A.B. asks: 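After the structure tokens below, expect a handful of questions from me.
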Protein chains: 2
Amino acid sequence: MRIMKHPALYEISIEQVFYALSDPVRLEIVQKLCMTDEATCSALDGGRPKSSVSHHFRVLREAGLVWTRNEGASHMNALRRAELNERFPGLLDVVEAAIQGGTGRNAA
Amino acid sequence: MRIMKHPALYEISIEQVFYALSDPVRLEIVQKLCMTDEATCSALDGGRPKSSVSHHFRVLREAGLVWTRNEGASHMNALRRAELNERFPGLLDVVEAAIQGGTGRNAA
DNA sequence: GCTATTGTTCTATTGTAATCGAACTAACGA
DNA sequence: TCGTTAGTTCGATTACAATAGAACAATAGC
């Protein structure tokens, strides 16, 4: 299959990570992955066109947030949790905590 | 003077915050503010044109990251530290920790 | 009031990114 | 091998954002 670009831990920049997380579609994907460990692209597409979703997964992969492995005809995606926690401790906690908070009003 | 738009705490969205932090110029400004408490725009402009810097400060203000108050002809800018720590606990720690890490290689 | 300083707003230009249809590729099963 | 399913890549369109010069506004000092 095609070679998936997965940057090494030290290649990941915080700007790129922030950028990847600034898109609502991608943030949604990441937040779902916070709770599901592993999922196919289609399980996370939210009804959006394949090409759009594929684009967003690419951004997430290249930012170092998501690891994609091959599972037959499907692609299984997972957060690079341990690595991200090592490189940017606390970041995923912030993302996870924002799930309840939503994008606008505070849940508290 | 002109009215500065400063969103209330509950109006701040994590996407907007991430977006604001994804620009190298703005991240640099925020990281400098992490260490200086308060500073004028010109103290943080890095030699860039006034209009560009003013634009970036606007984005930071509207994202809820920075509070600007009037000090004579100058504007004093400060991180909305306490508020951000309440709304997104740990976020500023990540930003601060990334100062040494730089954007590329890991400092560890 | 005049002038310098500080920063904002306006306007235009340029570059980049989101979106999505369509064609393509890979794996699986009948 | 043919069709199906899953996802990527290509190409075009559209929208947004960074940059920066120029004009403007607000303040301080003379």
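From a predicted model like this one, the values you see are computed outputs, not experimental measurements. Residue numbers start from 1 in every chain, and the chains themselves are labelled A, B, ... in the order their sequence lines are given, proteins ahead of strands.
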A.B. asks: Taking ring-ring contact (aromatic ring centres under 6.0 Å, His included) as the cut-off, I'd like each qualifying pair that reaches into residues 27-53 of chain A, sequence neighbours left out, listed once.
C.D. replies: none
A.B. asks: Choose from C:dT19, C:dT6, C:dA18 the nucleotide whose nearest atom is closest to any side-chain atom of A:Ser52.
C.D. replies: C:dT19
A.B. asks: Detail all sub-3.5 Å separations between protein N/O atoms and N/O atoms belonging to nucleotides 2-5 of chain D.
C.D. replies:
none

A.B. asks: Nearest heavy atom decides the nucleotide; on that basis, is B:Val53 or A:Arg48 closer to the 5' end of DNA chain C?
C.D. replies: B:Val53
A.B. asks: Would you please name every residue forming a side chain to side chain contact (heavy atoms under 4.5 Å, CB included) with A:Ala82, sequence neighbours left out?
C.D. replies: none
A.B. asks: Between atom CZ in B:Phe18 and atom C1' in C:dA17, what is the gap in whole Å?
C.D. replies: 19 Å
A.B. asks: Distance check needed: C:dA26 P versus A:Glu71 CD, whole Å only.
C.D. replies: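 Result: 18 Å.
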A.B. asks: According to side chain to side chain donor-acceptor pair (under 3.5 Å), who are the partners of A:Glu28, at least two apart in sequence or on a separate chain?
C.D. replies: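 If we apply the side chain to side chain donor-acceptor pair (under 3.5 Å) test to A:Glu28, skipping adjacent residues, the hits are A:Lys32, A:Arg48.
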A.B. asks: More 5' along DNA chain C: A:Gly72 or A:Lys50, using each one's nearest nucleotide?
C.D. replies: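 Between the two, 5'-proximity favours A:Lys50.
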A.B. asks: Atom NE2 of B:His75 and atom P of D:dA26: how far apart are they, to the nearest Å?
C.D. replies: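 The distance from NE2 of B:His75 to P of D:dA26 comes to 10 Å, rounded to the nearest Å.
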A.B. asks: Could you tell me whether a side-chain N or O of B:Arg87 sits under 3.5 Å from a main-chain N or O of B:Ile12, the two making a donor and an acceptor?
C.D. replies: yes
A.B. asks: What pairs with A:Asn85 under side chain to side chain donor-acceptor pair (under 3.5 Å), at least two apart in sequence or on another chain?
C.D. replies: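 Partners of A:Asn85 by the side chain to side chain donor-acceptor pair (under 3.5 Å) criterion come out as none, since no residue qualifies.
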A.B. asks: Rounded to whole Å, how long is the line connecting atom CG of B:Asn70 with atom C1' of D:dT27?
C.D. replies: 8 Å
A.B. asks: Calculate the interatomic distance between B:Met76 atom CE and D:dT27 atom C1'; express it in whole Å.
C.D. replies: 15 Å
A.B. asks: Write down the distance between CE (B:Met4) and C1' (C:dT8), rounded to a whole number of angstrom.
C.D. replies: 8 Å
A.B. asks: Find out if a path of hydrophobic residues (ILVMFWY) with successive side-chain heavy-atom gaps under 4.5 Å connects A:Val17 to B:Val25.
C.D. replies: yes
A.B. asks: Partners of B:Pro24 by side chain to side chain contact (heavy atoms under 4.5 Å, CB included), sequence neighbours excluded?
C.D. replies: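 For B:Pro24 the side chain to side chain contact (heavy atoms under 4.5 Å, CB included) partners, ignoring immediate neighbours, are A:Glu15.
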A.B. asks: For residues 38-45 of chain B, which residues have at least one heavy atom under 4.0 Å from DNA chain D?
C.D. replies: none
A.B. asks: Any idea which of C:dT6, D:dA17, C:dA18 is nearest the B:Tyr19 side chain?
C.D. replies: D:dA17
A.B. asks: Less than 4.5 Å apart, any side-chain heavy atom of A:Leu60 and any of A:Thr68?
C.D. replies: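 No. Closest side-chain heavy atoms not under 4.5 Å.
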A.B. asks: Return the value, rounded to whole Å, for the distance between atom CG of B:Asp23 and atom C1' of D:dT19.
C.D. replies: 11 Å
A.B. asks: Provide the full list of ring-ring contact (aromatic ring centres under 6.0 Å, His included) pairs with a residue in residues 14-47 of chain A, sequence neighbours left out, each pair given once.
C.D. replies: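 Pairs touching residues 14-47 of chain A that pass the test: A:Phe18-B:Phe18.
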A.B. asks: Check each residue of residues 54-61 of chain B for a non-hydrogen atom within less than 4.0 Å of any atom in DNA chain C, then write out the ones that pass by number, or none.
C.D. replies: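 Residues of residues 54-61 of chain B under 4.0 Å from DNA chain C: B:Ser54, B:Arg61.
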A.B. asks: Could you check whether B:Ser51 gets within reach of a base, just the sugar-phosphate, or nothing at all, counting any heavy atom under 4.0 Å?
C.D. replies: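 If one applies the 4.0 Å heavy-atom cut-off, B:Ser51 turns out to touch a base.
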A.B. asks: Who passes side chain to side chain donor-acceptor pair (under 3.5 Å) against B:Ser74, sequence neighbours left out?
C.D. replies: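 Partners of B:Ser74 by the side chain to side chain donor-acceptor pair (under 3.5 Å) criterion come out as none, since no residue qualifies.
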A.B. asks: Take atom CZ of A:Arg69 and atom C1' of D:dG7, then tell me their distance rounded to the nearest Å.
C.D. replies: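 Whole-Å distance recorded here is 15 Å.
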A.B. asks: Under the rule for side chain to side chain contact (heavy atoms under 4.5 Å, CB included), what residues qualify as partners of B:Ala43, not counting sequence neighbours?
C.D. replies: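 B:Ala39, B:Thr40.
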A.B. asks: Name the atoms and distances for all side-chain donor-acceptor pairs under 3.5 Å in residues 49-59 of chain A, with sequence neighbours left out.
C.D. replies:
from    : atom 1 : to      : atom 2 : distance (Å)
A:His56 : ND1    : A:Arg26 : NH1    : 3.1
A:Arg58 : NH1    : A:Glu62 : OE2    : 3.1

